[in-house]
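Positions are given from 1 along the sequence. Here the structure is a predicted model, which is why all the values come from computation and not from measurement.
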Amino acid sequence: MIRLAAWDSLFNVLLFLFWLCAWSRDAREGVFNPYLGPVMRWARAIIAWLRPIAPGLGDRGVAALALALLTVFRALLIVSNAETSVGFGLLMGRATGLAFLSAIVLSLLSFGVFLFKIWSIAIVYVHAGPWASASNAEETLEAFFRPLALAPVNWRPLALAAYGMVLALSLESVGFLPPQLAPALSEPAAVAALRQFILALAAWTDALGILQSTLILLILGSWIGMFAGSPPLQLASREWMDFFMGPLRRYPLQIGPVDLTPLVMLVGLGFAQRILMYFLLRSYLLLL
């Protein structure tokens with residue numbers, strides 16, 4: 001049996017490159033951004049390689065076609081008795097050997113969950129409008145946050161919550177809800193909506209783990225850049241660390257030359273994540 005779960009992240013990263021091209025504003029976007037620029041160049045290089053397949057389509061059309069073909073290809077792997085899994089907050093499940101249409105849905109949902117995790121982090125940090133100037137880090141996250149970044153700032157949390165509720169309902173419908181969390185056969189619509197909202201909040205809270213992992217990588221990158229004599233790596237790691245730490249950067253906690261502020265944030269994020277997940281799970285169980 002092929003364990004597609006181990007490759008799902010790579011599939012979703014490749015899909016995300018085409019997604020960026022599909023929502024790109026113009027061909028020169030990010031050209032002066034040291035983070036967004038290389039990502040867009042890689043994505044457009046793949047688009048240029050694929051353009052002969054569909055010569056009548058523009059870059060966005062080719063990107064949309066590539067998204068569709070990759071989604072179908074992953075569905076075919078699932079149909080051919082591959083195993084895949086999707087985790088979304090309190091929801092977690094595995095599937096093997098689904099029918100083709102169900103595999104298409106699962107392939108789409110896997111990428112949908114991937115987008116939700118990226119957007120869950122971006123919504124905390126992206127405050128500039130889609131045409132406003134911002135730092136390199138914020139400009140990069142703003143591109144990753146599309147199309148939600150095109151909405152007014154005050155509407156973005158509502159849009160993300162609605163999207164998360166749709167994902168939770170969809171994953172429930174394909175059997176990705178653990179039996180101990182299964183709702184009653186008949187429940188009021190208001191209770192069902194509140195339950196989906198809690199599942200979306202739990203998925204957003206779970207995405208804090210991505211921020212923790214990113215901070216660990218940035219801390220390691222900063223140390224490696226310092227000891228290996230690589231100023232670009234050190235500067236990039238510090239810029240992203242300062243960006244993610246936000247207001248905490250104004251109150252650094254230092255012991256000699258060692259800055260402990262990132263470690264404090266890591267501990268705080270882990271504590272907050274555990275507390276929030278506990279209360280969300282308790283709240284969910286009360287609705288069953």
Side-chain angles (χ1 to χ4, degrees), residues 1-31 33-55 57-88 94-96 98 100-122 139-149 163 167 170-171 174 176 203 206-207 209-211 213-214 217 240:
M1 177 188 294
I2 302 172
R3 292 192 176 274
L4 186 61
W7 297 91
D8 257 357
S9 294
L10 292 177
F11 261 103
N12 288 328
V13 168
L14 186 56
L15 284 165
F16 188 65
L17 287 177
F18 294 119
W19 178 269
L20 285 177
C21 281
W23 287 100
S24 176
R25 291 199 296 256
D26 56 66
R28 292 182 56 80
E29 182 181 17
V31 67
N33 188 314
Y35 313 120
L36 181 60
V39 173
M40 297 304 295
R41 284 195 295 273
W42 294 336
R44 292 189 180 107
I46 300 174
I47 292 291
W49 182 71
L50 293 173
R51 192 173 292 117
I53 300 175
L57 298 177
D59 285 357
R60 290 186 175 183
V62 175
L65 178 61
L67 282 168
L69 291 176
L70 282 172
T71 300
V72 171
F73 178 67
R74 177 161 55 179
L76 289 173
L77 290 178
I78 296 172
V79 170
S80 65
N81 209 32
E83 180 184 283
T84 188
S85 63
V86 177
F88 187 69
R94 290 181 172 82
T96 304
L98 297 176
F100 180 67
L101 288 179
S102 298
I104 287 283
V105 171
L106 190 58
S107 183
L108 289 170
L109 287 174
S110 177
F111 182 58
V113 170
F114 181 83
L115 284 177
F116 183 88
K117 291 177 180 179
I118 292 176
W119 293 346
S120 294
I121 302 301
E139 183 187 16
T140 302
L141 274 189
E142 187 271 329
F144 289 0
F145 195 39
R146 293 180 194 143
L148 292 189
Y163 176 60
L167 280 177
S170 301
L171 288 166
V174 296
F176 271 54
D206 191 51
I210 299 175
L211 184 56
S213 300
T214 302
L217 290 176
W240 278 97

Identify every side-chain donor-acceptor pair in residues 42-52 under 3.5 Å, counting partners at least two apart or on other chains, and give the distances.
unit_1 : atom_1 : unit_2 : atom_2 : d
Arg44  : NH1    : Ala27  : O      : 3.2
Arg44  : NH2    : Ser24  : OG     : 3.0
Arg44  : NH2    : Asp26  : O      : 2.9
Arg51  : NH2    : Asp59  : OD1    : 2.4

Would you tabulate the side-chain donor-acceptor contacts of residues 11-23 under 3.5 Å, counting partners in other chains and residues two or more places apart, or write 'none'?
unit_1 : atom_1 : unit_2 : atom_2 : d
Asn12  : OD1    : Arg74  : NH1    : 3.1
Asn12  : OD1    : Arg74  : NH2    : 3.0
Asn12  : ND2    : Asp8   : O      : 3.2
Asn12  : ND2    : Ser110 : OG     : 3.3
Trp19  : NE1    : Arg146 : O      : 3.2

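Judged by distance alone, the side chain of Ser107 and the main-chain N or O of Thr71 form a donor-acceptor pair under 3.5 Å. A donor-acceptor pair is defined here as one N or O able to donate and one able to accept, closer than 3.5 Å; no such pair exists between the side chain of Tyr35 and the backbone of Glu139.
Within the 4.5 Å cutoff, the side chain of Leu148 has no heavy atoms near those of the Tyr163 side chain.
With rounding to the nearest 0.5 angstrom, the CG atom of Leu167 is 4.5 Å from the CZ atom of Phe88. Leu141 CG to Trp119 CH2: the interatomic distance, rounded to the nearest 0.5 Å, is 13.5 Å. Annotation: the span from Phe111 atom CZ to Leu70 atom CG amounts to 10.0 Å, rounded to 0.5 Å.
Partners of Thr214 by side-chain contact (heavy atoms from CB on, under 4.5 Å), not counting sequence neighbours, listed by chain and number: Ile210, Leu218, Phe244. With sequence neighbours excluded, no residue forms a ring-ring contact (aromatic ring centres under 6.0 Å, His included) with Phe100.
Scanning all heavy atoms of the two residues, the minimum distance from Val79 to Ala103 falls at CG2-CB, 3.7 Å.
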